[in-house]
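Only one structure is covered here, and it is reproduced in the block below.
Throughout, protein chains are lettered first and strands after them, A, B, ... in sequence-line order, and every chain is numbered starting at 1.
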Protein chains: 2
Amino acid sequence: MPTSQPIPTLDDVARSAGVSTATVSRCLNTPGQVAKPTMERVMKAVEVLGYTPNFGARSMASKRTHTIGAIIPTMENAIFARGLQAFQEELHKLGYTLLVSSTGYRPEVEEEQVRALVSRGADALLLIGFDRSPETYAYLGKRNVPALVSWAYAPDHSLPSIGFDNRTSMQELAQHVISLGHRDIAVITAVLRGNDRAALRLAGIRDAMEQSGHAFGDLRVIETPYGISHGERALDQLMDGGNRPTVIMCGNDVLAAGALKRAKERGLGVPKDLSITGFDDIELARIVTPALTTVHVPHREMGRKAAQELVSILEKRGAGHSVALETKLMIRDSLSLPSR
Amino acid sequence: MPTSQPIPTLDDVARSAGVSTATVSRCLNTPGQVAKPTMERVMKAVEVLGYTPNFGARSMASKRTHTIGAIIPTMENAIFARGLQAFQEELHKLGYTLLVSSTGYRPEVEEEQVRALVSRGADALLLIGFDRSPETYAYLGKRNVPALVSWAYAPDHSLPSIGFDNRTSMQELAQHVISLGHRDIAVITAVLRGNDRAALRLAGIRDAMEQSGHAFGDLRVIETPYGISHGERALDQLMDGGNRPTVIMCGNDVLAAGALKRAKERGLGVPKDLSITGFDDIELARIVTPALTTVHVPHREMGRKAAQELVSILEKRGAGHSVALETKLMIRDSLSLPSR
DNA sequence: TTGTAGGCGTTATCAG
DNA sequence: CTGATAACGCCTACAA
């Protein structure tokens, strides 16, 4: 039975090393200003007592926490998991800690989460996309919390962003689809409310259609939550109705994978009878058969850059500037000429 | 240009509402003990000033942070992402916040992370598996930090665990494989160092072989990092050598998906020429063609239960008890009788 | 180079 | 039901 030791404090270390608390604090924070022998005595005491500084006290006294908060829709989405992992690794390198919180794609809880992270002392925040309540923006401004938007790019916005242009990226893919001859297009998109990335991708498809000058059947759009099974169901809805599309463009790879799976189960040849496209280029896209034609997004790079920018805003006290990352069309096998 | 307002404190709220700080604190923490009109005045002031309590100060005064830390190998692994998401959702329901940290599968950094989380005031910790340095265990004991192990189950260990028996789960799958007639088995496993889950799964395969009483070719084992591409490479190694296996059992679905992909590229029919099995049953397993025969692990339930147990340990001040979760064999299409 | 002492924003105890 | 007031553990001038 381990004895529940009292947690050692700076004071305990000071006493044990025979110095003042100020000296111990200096050993830990500004090692340069301490004489070597003193330093050694102190570090020894730290070691022996198993001392770890109390974060709350430290942040209260110094007004800085070296903590950065991130609010994402869900970690279960591979793109966020991957970006966040890179974000946290980079943060760690830079001496910061990550505090995560997820909304579960419920935009209405974001403000509460922002407040929670700020109250926990987050020095700055990483947010996904621009679509959020005015109250949240107001709070951020009022508290003067540095914040950076990712997974989106809009240089003229009040918040700096590090990401990519969802609209033109999807537009490029749509142009390619159209150039192949597709005129009956359907879309499976993530839920649009509170999700500007999804909305912009859909807009990109419409842009491409308009600009092509061709005539199209009406664009059927199914809006559905994130998840393979939702992609499967959406495909059924699309194919059970009359006038079937020759191509289904999906808002992300997961929906596309679901649609693809279901299409095959229904005996449809992909891409022979039906073409399907994705977005994101997660590993899943390479693994399914046929491999998904999709848009590659540099999630890891985005996470890394976001961390660097946030820290630079914090330490250089600058305003932060936006960075556009390149996406890339990944031509694979799930898209071909239309079957009819 | 937003004016950078000074951050309001309890004091500001108190002054603005014409009450003492104690009353404001009570309004926020024990609303029952405050008169209605007072309450309203205070909440109004809170609203107007945009007050958010300072976490550091609060935790310092109350000795409790309502924060639980989790240290996982990486969020990029879907099983952890999923479990963690459920963990955080449940925690949120129970009024707690999650602090995450990842080791990137480098066991040597875990102790530092434990200290970091504890110093940040984590009331308790969630850890993955049992394989860690004695120093880490010692620190946990010394500081008396409640900790719970997940993704593993060992009721007789010093730390309570909520998870499943990796060894017998894999053993069951191996028994099934053997019962089908396979005698040339190869294994692709995650790196074993610091990963008892992987080691136990491998042991489970050996158990099944021994207990079957059959004679086997020697068990070739490839140890490789996490990732689809590593699964692909491992398959090449296995199939480029002489005496090819009739089945490859993989330590997780991601490695299996990589192996499967590569096998198909090499023109091998799966399962006709080669059977492949996975472990975890992530969505990927259902999506690939042929669908993976694997072992289903209730990741979400594990995360949820872990959160509940941890909070119960904290609030009932009990020792915590271990819970074994059931895994389930998922018979799908990537495994069949051996081809020879 | 080292020590002293005040203050950071809350909560909790104890009176009223 | 409400108000003083003493911690909580650390940092940082300022002094020595």
Side-chain angles (χ1 to χ4, degrees), chain A residues 5-43 45-46 49-67 115-116 118-123 143, chain B residues 5-43 45-46 49-67 95 97 115-116 118-123 143:
Chain A
Q5 297 196 3
I7 293 161
T9 70
L10 241 207
D11 229 79
D12 299 326
V13 177
R15 206 166 316 135
S16 154
V19 297
S20 74
T21 60
T23 300
V24 179
S25 175
R26 277 190 284 260
C27 286
L28 269 29
N29 300 302
T30 48
Q33 318 178 2
V34 181
K36 220 167 207 146
T38 315
M39 184 74 176
E40 281 166 10
R41 265 211 330 285
V42 171
M43 293 318 267
V46 166
L49 296 177
Y51 169 75
T52 325
N54 176 310
F55 204 81
R58 170 179 279 189
S59 76
M60 222 164 91
S62 71
K63 297 314 223 168
R64 278 291 302 284
T65 63
H66 278 253
T67 295
R115 297 182 103 97
V118 169
S119 105
R120 300 184 69 85
D123 291 334
R143 289 290 291 247
Chain B
Q5 297 197 4
I7 293 161
T9 69
L10 242 208
D11 228 78
D12 299 325
V13 177
R15 206 165 319 134
S16 154
V19 297
S20 75
T21 60
T23 300
V24 179
S25 176
R26 277 190 286 260
C27 286
L28 269 28
N29 301 301
T30 46
Q33 318 179 2
V34 182
K36 234 192 193 120
T38 315
M39 184 72 176
E40 281 167 9
R41 266 212 327 287
V42 171
M43 293 318 268
V46 166
L49 296 177
Y51 168 76
T52 325
N54 177 311
F55 203 81
R58 169 178 278 187
S59 76
M60 224 166 89
S62 69
K63 299 312 236 167
R64 280 291 303 283
T65 62
H66 278 254
T67 295
T97 307
R115 298 183 103 98
V118 169
S119 107
R120 299 182 75 82
D123 291 334
R143 289 291 290 249

key: Non-neighbouring partners of A:Ala35 that pass side-chain contact (heavy atoms from CB on, under 4.5 Å), sequence neighbours left out   = A:Pro37, A:Thr38

inquiry  = Test of understanding: with side-chain contact (heavy atoms from CB on, under 4.5 Å), list the residues that count as partners of A:Ala57, not counting sequence neighbours.
reply    = A:Asn54, B:Met60

Test item: A:Met43 and A:Leu28 side chains (from C-beta on) under 4.5 Å apart, heavy atoms = yes

ask   = Is a side-chain N or O of A:Arg120 found less than 3.5 angstrom from the main chain of B:Phe55, in a donor-acceptor match?
value = no

message = Restricting to side-chain hydrogen bond (donor to acceptor under 3.5 Å, both in side chains), what partner residues turn up for B:Arg115, sequence neighbours left out?
response = B:Glu111

ask   = Just by protein heavy atoms under 4.0 Å, how would nucleotides 5-16 of chain D read 5' to 3' in B, S and -?
value = ---BBBSB----

inquiry  = So for the helix from C:dT1-D:dA16 to C:dG16-D:dC1, with five pairs setting each end axis, what is the inter-axis angle to 10°?
reply    = 30°

request  = With heavy atoms under 4.0 Å as the rule, sort B:Ser59 into base, sugar-phosphate or nothing.
outcome  = nothing

message = With side chain to side chain donor-acceptor pair (under 3.5 Å) as the rule and sequence neighbours excluded, what pairs involving residues 14-27 of chain A come up?
response = A:Asp11-A:Arg15, A:Ser20-A:Thr23, A:Ser25-A:Asn29

note = Sorted by chain and number, sequence neighbours left out, side-chain hydrogen bond (donor to acceptor under 3.5 Å, both in side chains) with B:Asp123 holds for B:Arg64, B:Thr65

inquiry  = Going 5' to 3' along DNA chain C, between which two nucleotides do contacts with chain A fall, using a heavy-atom cut-off of 4.0 Å?
reply    = C:dT1 to C:dG9

task = May I ask you to check whether A:Arg143 and B:Thr52 show a side-chain donor-acceptor distance below 3.5 Å?
result = yes

Heavy-atom closest contact (A:Arg41 atom, A:Val19 atom, distance) = NH2-CG1, 3.4 Å

task = Determine the minimum heavy-atom distance between A:Ala14 and A:Val24, stating which atoms define it.
result = CA-CG2, 3.7 Å

